[in-house]
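Below is one structure; the comments refer to it alone.
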Amino acid sequence: MSEFASGRPPSPGSTSPNAPSSGVLDDGRTKAADPTGRVVTRDRVEAAVRDALLTGQFVPGHAVTLRGLASQLDVSLMPVREAIRGLSAANALDVLPNGRIRVPTMTRQRFDELLHARVLLEPHLAMLALPNLPDLTDDLTRIDDAIDVSLVTGDVSTYMRRNHEFHFRIYRASASQIILPLVEHVWLQFAPFMRTAYGRVGTSALEDQHKEAIAAIRENDAEKLRVAIERDILDGMGLIGHSVLEEPPVVPAARSAGGQTTR
């Protein structure tokens, strides 16, 4: 049985539109900038595990082993341990007393804090990025078109990958050195639960505010962009909360451009 309950994770040498760029070679283990290859291998393993988290290949409640991950990624245990240690410090994974690893349990408090962090940080990042976004509208439209296709076909993996790509194509344009890493850590913590939610309600229940965001960018309207991103967050997190929490949360309504709440 695969250590990843939803399929094989990206290999350390694979590329992904969402994986951090590390400038590494395709071999995976021995070719590296340093004599031992440990730093490069660790970075590549961490990128692969991050991608697996973001695309729902780590299933909440399903513990996996370090040895199993190392085998699937075709690396030794050392870089896996190092990568997991970093992701554990970022609250993206829990290391159990028996050495297995799993996605941390989603509690009501954890959900509320993640939701608050997203609403506080992500619209702000989008507004910071706005001056650098006009040249990206064609790319954002292309990504959103792929998202629409995935919703029709029920391809959850593609939806999650492209949804992440859409948001971070915007956020990375902010060139933020402080807020952007915080948002990346937040996404690692809630993304595995997206797959759970979508598996229960199906992709036909998903809606997004991406077209509104693209329109705001074309109009150079920072407040309209802020509202579109905030509504997108609230809609998605509301779906997750109602699917994975025993007591569904009361997700606040988004504020309109005029400051009024809307729903």
So do [Y] and [X] actually touch side chain to side chain, heavy atoms under 4.5 Å?
X	Y	answer
P104	R110	yes
V75	R44	no
L140	D144	no
L53	V103	yes
Q209	V227	no
V64	L69	yes
V45	I84	no
E122	W187	yes

From [X] [atom1] over to [Y] [atom2], what is the distance, rounded to the nearest 0.5 angstrom?
X	Y	atom1	atom2	answer
E165	I143	CD	CD1	3.5 Å
L121	H185	CG	NE2	12.5 Å
E82	T41	CD	OG1	9.5 Å

inquiry  = Centroid separation under 6.0 Å, is that true for the rings of H62 and F58?
reply    = no
ask   = So, for F190 and F193, is the gap between ring centers shorter than 6.0 Å?
value = no
inquiry  = If we count only N and O atoms by modelled type, under 3.5 Å, do the side chains of D148 and H210 hold a donor and an acceptor together?
reply    =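 Absent: no donor and acceptor within the cut-off.
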request  = Check the side chains of Q57 and R195 for a donor-acceptor pair under 3.5 angstrom, ignoring hydrogens and angles.
outcome  = no
So, are [X] and [Y] salt-bridged, with charged N and O less than 4.0 Å apart?
X	Y	result
E230	R226	yes
R50	E46	yes
R142	D138	no

query = Should L182 and I233 be regarded as members of a common hydrophobic cluster, given that ILVMFWY residues are connected when their side-chain heavy atoms come within less than 4.5 Å of each other, either directly or indirectly?
reply =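 L182 clusters together with I233.
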query = Going hydrophobic residue to hydrophobic residue with side-chain gaps under 4.5 angstrom, can you get from L73 over to L77?
reply = yes
side-chain contact (heavy atoms from CB on, under 4.5 Å) against Q109, all qualifying residues, sequence neighbours excluded =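 So Q109 forms a side-chain contact (heavy atoms from CB on, under 4.5 Å) with T107, E113.
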Under 3.5 Å, side-chain donor or acceptor atoms of residues 123-136 against the rest of the protein: list the pairs with distances, not counting sequence neighbours.
| from | atom 1 | to | atom 2 | distance (Å) |
| --- | --- | --- | --- | --- |
| N132 | ND2 | A173 | O | 2.8 |

ask   = Hey, what's the ring geometry for Y171 with F168, parallel, tilted or perpendicular (30° and 60° as the breaks)?
value = perpendicular
